[in-house]
Each structure stands twice: as structure tokens, then as C-alpha cells.
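Keep in mind that this is a model prediction, so the values were computed, not measured. Throughout, protein chains are lettered first and strands after them, A, B, ... in sequence-line order, and every chain is numbered starting at 1.
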2 protein chains.
Amino acid sequence: MFEQFRNKFPLSEEKWNEYVGHFNRIEVPAKTTLLEEGEISKKLFIIEKGCIRVWFNNNGKDLTSQFFFENQSVASIESFMKKFPSPAVVETIEPSVLWWIHKENLDIIIEEIKEIPELRDRLIDMLFQRTFDYMKHFFSFIKDSPAQRYLSLIQEKPQIVQRVPQHYIASYLGISTVHLSRIKSKLLQNK
Amino acid sequence: MFEQFRNKFPLSEEKWNEYVGHFNRIEVPAKTTLLEEGEISKKLFIIEKGCIRVWFNNNGKDLTSQFFFENQSVASIESFMKKFPSPAVVETIEPSVLWWIHKENLDIIIEEIKEIPELRDRLIDMLFQRTFDYMKHFFSFIKDSPAQRYLSLIQEKPQIVQRVPQHYIASYLGISTVHLSRIKSKLLQNK
DNA sequence: TTCATTTGATAACAAATGTTATCGTTTGTC
DNA sequence: GACAAACGATAACATTTGTTATCAAATGAA
């Protein structure tokens with residue numbers, strides 16, 4: 001699982017092995033809750049196989065914030081970073097193989113990494129990138145119609161459309177399942 | 001202008017003066033364009049007095065992204081960081097007094113600051129905070145009605161409601177000016 | 001296989017929001 | 001002060017989107 005990342009980190013063999021040694025492998029069925037609403041997030045997950053959804057309970061209604069697939073890392077980021085009770089639920093969509101690391105161990109790794117200029121700058125770039133991604137997603141909500149957002153999703157994140165049940169996609173796009181159905185049928189007509 | 005920030009930065013008197021010396025003061029009338037669409041952002045502004053709006057031209061329609069007031073720093077962040085042509089326009093709303101610094105000078109300052117652990121961590125925290133703010137703004141678009149978003153705006157950013165013309169607020173909330181008018185009149189009725 | 005559950009499509013109707021047009025008020029400029 | 005431009009409210013109508021209900025197809029568990 002971790003070999004593919006090995007050459008991306010200028011670390012000694014010992015450090016690398018120490019860091020990797022903090023990860024634990026688990027296999028879980030579909031619809032497994034990895035983090036409950038109100039819980040304080042203490043684990044960061046990396047997906048070896050499968051698919052995870054992060055969502056919010058908004059007055060009983062599903063509000064999907066993000067989907068994650070193979071090789072991505074997942075946490076309820078605000079809860080994980082600041083030890084808040086998580087407003088988000090993290091759960092698997094498909095049966096999944098995951099690796100997790102405890103926050104305490106990751107914090108130590110991050111502190112150490114910050115002293116390596118190359119990795120420190122990478123961390124900062126990552127944070128910038130994340131902000132840009134959010135900005136982009138955010139603006140598509142203001143400027144694009146739901147139909148346009150759905151088309152962008154097909155273009156830019158085909159994995160989501162292919163692997164995720166449609167009602168989760170509707171909740172991700174911020175529209176009702178009925179409306180998403182209408183959009184799809186209209187797209188078919190215009191072909 | 002800068003004295004108020006002096007004690008927040010553990011810098012020698014020389015460094016401090018060197019950094020502050022890179023800033024230039026200007027006074028501009030209302031509706032001055034500070035950065036045009038398509039231009040590459042090379043200046044970061046700090047507002048001494050006045051109010052700035054960052055907006056996008058979406059097929060001829062105003063899409064306001066953010067408002068800035070006294071003591072805040074402003075740039076078309078993605079253009080400034082990555083030297084892209086800016087999709088955003090930066091312009092004053094009120095007559096303003098501004099300080100600007102050239103990107104080349106700021107880059108040097110940031111590189112130097114990264115070597116000071118305290119300031120480096122502050123930079124990283126800032127980036128996290130910015131991401132959280134975007135997440136929050138983003139979710140309010142999915143989960144709240146325009147009326148609720150307007151009420152939150154009054155609560156959380158009263159400055160905007162007080163100082164900014166209403167059609168810019170509508171464009172910031174992602175609704176038509178007519179709809180914002182309706183929301184306001186409905187709120188008055190229910191009092 | 002069989003049955004229950006999940007998923008997705010569709011119709012009918014209701015509510016929210018946008019568009020266009022008009023008018024009065026405020027603001028800024030000369 | 002006088003005029004033009006900007007701003008904001010409102011009405012009438014069109015469009016988009018949500019809600020509820022129903023049904024069919026796909027999926028999963030026994």
C-alpha cells in the first residue's frame with residue numbers, strides 16, 4: 001500500500017518505516033460508519049480499496065460534502081485538526097480496505113515534517129490547493145445551474161457518477177433526487 | 001497604520017522596518033478598479049480606510065465573492081499565488097486609503113518568515129482557517145435558504161449589511177436583487 | 001429462488017426564485 | 001438647487017426546483 005508513496009518523501013529508511021508502522025489495516029463492509037456525528041475525530045484514514053462519503057445531518061436530511069476513493073486520505077478535517085465534535089459523518093459506500101493512523105501519531109509526524117523545508121512547503125501548497133478547491137466548488141454553486149454542475153461532475157469527477165448511488169449525488173449537488181432524475185432525462189432527450 | 005501589528009510579529013527592529021518599508025500608501029475614489037479581469041495580480045493590498053469588493057464577471061453578471069474592510073488584506077488570491085490571469089475583479093466600493101506591497105517583495109518576506117517556527121505555524125493555521133471559512137460559506141449555500149443566509153449575514157457580518165449597497169449583497173448571496181428586496185420586506189412584516 | 005430493501009423514474013402539484021418593467025427615493029455632480 | 005445616475009421596492013408573470021406519491025427495476029440476504 002505505501003510503497004507507491006515512498007519516493008515522494010525524502011525520508012531516511014528508518015523514519016519512513018517508523019511512520020508507516022503507525023498505520024493499521026482494516027476491512028469493513030459497505031455503509032460502515034467510521035466517524036459518528038458529535039464524535040471527536042481521532043483517526044485519519046487512507047483508502048486502499050473502496051469508497052467513502054462524508055456527509056452532514058441537516059434536520060434529518062443528508063448533505064453530502066465529499067466523496068473519497070482509492071489512495072485518498074479522509075477525515076472530518078475540522079474535528080480532526082481542532083478536536084471539535086464532528087458535525088460530519090464519515091461512512092463507507094462500498095466494502096472497503098482502509099489504513100488508519102491515530103491523530104497523536106500523525107501530529108508527531110507532521111511536527112517533524114515541518115522541519116524539512118521541502119515537505120513543509122509541500123504541506124503549505126496542499127493547504128492552498130485545498131482552499132482553491134473549495135473556492136471552485138463554492139462558486140459553481142452560485143454561478144452554475146444544477147444541470148451544469150451535474151455536467152461538470154461527469155467531466156471532472158467521472159468516478160463519482162460511475163460508482164456512487166444517485167441519491168448521494170443529488171445530495172452532493174444540493175438538489176432533490178427527483179430533480180436530478182429530471183436533469184438526466186432531459187439530457188437524454190437532447191441527444 | 002502598521003504599529004498595531006508590530007507586537008504580533010517576533011521580528012527585530014531592522015527586519016520589521018525593512019518589511020514595512022516595502023508598503024506604499026495610496027488614496028483612491030469609490031469604484032476604482034485595483035485589479036482587472038485577466039490581469040495577473042502582483043499587488044497585495046491592506047485597507048487602512050474604506051471597503052473593497054472582489055467579484056467575477058459571469059456572462060455579464062456580477063458575482064461577488066468577498067468584501068473587505070479596514071485592516072484586512074486583499075488580493076485575487078489564486079492569481080496572486082500562482083500567477084494566473086485573474087478571473088476576479090478587485091475594486092473599491094467606498095473612497096479608500098490603501099497600502100500595497102509588490103508580490104516580489106512579499107515572496108521574499110514569506111520565505112524568510114517560514115524559517116521562524118512561530119510565524120511558519122501561524123501561516124499554516126491561517127491557511128487552515130481560510131479553508132474552514134470557505135467550507136462554512138459553501139455549506140450555507142447548500143443547507144440554508146437565501147432568507148436564512150441573509151439573516152446569518154446580519155448576525156455574523158453586520159458591517160457588510162450596513163456599508164455595502166444592496167445589489168452587491170444580493171450578488172454575494174447568490175440571488176436576484178428583487179428576491180433580496182422580497183426577503184427584507186417579508187422580514188419586516190413578521191416583526 | 002424468494003422476499004424485502006434500495007434505488008431510480010415519473011407525474012401532479014406547491015413553493016421558491018428569476019425576469020422584466022415601472023416608479024419613487026437617494027446620491028452625487030455641476 | 002437642478003439634473004442625471006444609482007439604488008431599492010413592488011407587481012406580474014415565467015421558470016426552476018421541491019414535495020409527495022406511485023411504480024418498476026435492481027440488489028442483497030435468507
Given atom [atom1] of [X] and atom [atom2] of [N], what is their separation to the nearest angstrom?
X	N	atom1	atom2	answer
A/Ile169	C/dT7	CD1	P	12 Å
B/Ile183	C/dG18	CD1	C1'	12 Å
B/Glu94	C/dT27	CD	C1'	14 Å
A/Arg163	C/dT7	CZ	P	16 Å
B/Ile175	C/dA16	CD1	P	14 Å

Indicate yes or no: does [X] engage [Y] in a salt bridge with an N to O separation below 4.0 Å.
X	Y	value
B/Glu94	B/Arg163	yes
A/Arg6	A/Glu3	no
A/Glu104	A/Lys43	no
B/Lys49	B/Glu70	yes

### Query
Hey, which of these two, B/His167 or B/His179, hits DNA chain D nearer its 5' end, going by closest nucleotide?
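First, find each residue's nearest nucleotide; the 5'-ward one identifies B/His167.
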#### Entry: B/Arg182 vs B/Pro165, nearer the 5' end of DNA chain D by closest nucleotide
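Its nucleotide being nearer the 5' end, the pick is B/Pro165.
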### Message
C/dT6, OP1 or OP2 - any side-chain N/O from A/Gln166 closer than 4.0 Å?
### Response
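Indeed not, no polar side-chain atom of A/Gln166 lies that close.
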### Query
Is the shortest side-chain N/O distance from B/Lys31 to OP1 or OP2 of C/dT27 below 4.0 Å?
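Looking at the OP1 and OP2 atoms of C/dT27, neither is under 4.0 Å from any side-chain N or O of B/Lys31.
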Report all interatomic pairs (protein N or O, nucleotide N or O of nucleotides 21-26 of chain C) with separations under 3.5 Å.
none

### Query
Between A/Phe9 and A/Trp16, what is the ring plane arrangement, given parallel below 30°, perpendicular above 60°, and tilted in between?
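A/Phe9 and A/Trp16: tilted rings.
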### Query
Quick one: are the ring centres of A/Tyr172 and A/His137 less than 6.0 Å apart?
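Under 6.0 Å, so yes.
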### Task
Give me the first and last nucleotide of DNA chain D, going 5' to 3', that has any atom under 4.0 Å from a heavy atom of chain A.
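Listing 5' to 3', DNA chain D meets chain A from D/dT17 to D/dT20.
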### Query
Within 45° of the ring axis of A/Phe68 and under 6.0 Å from its six-membered ring centre, is that where the NZ or CZ of A/Arg53 lies?
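Verdict for A/Phe68: no cation-pi partner in A/Arg53.
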### Task
Carefully, step by step, assess A/Lys15 and A/Glu13 under the rule salt bridge (charged side-chain N to carboxylate O under 4.0 Å, His left out).
CA-CA 6 Å; A/Lys15 269 296 163 194; A/Glu13 207 58 35; over 6 Å; no
### Task
Mind checking B/Leu180 for me? I need base, sugar-phosphate or nothing, with any heavy atom below 4.0 Å counting as a touch.
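B/Leu180: no heavy atom of the nucleic acid under 4.0 Å.
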### Query
With a cut-off of 6.0 Å (strictly less than), are more than 12 heavy atoms of other residues, nucleotides or ligands near CZ of A/Arg130?
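Not more than 12 within 6.0 Å, no.
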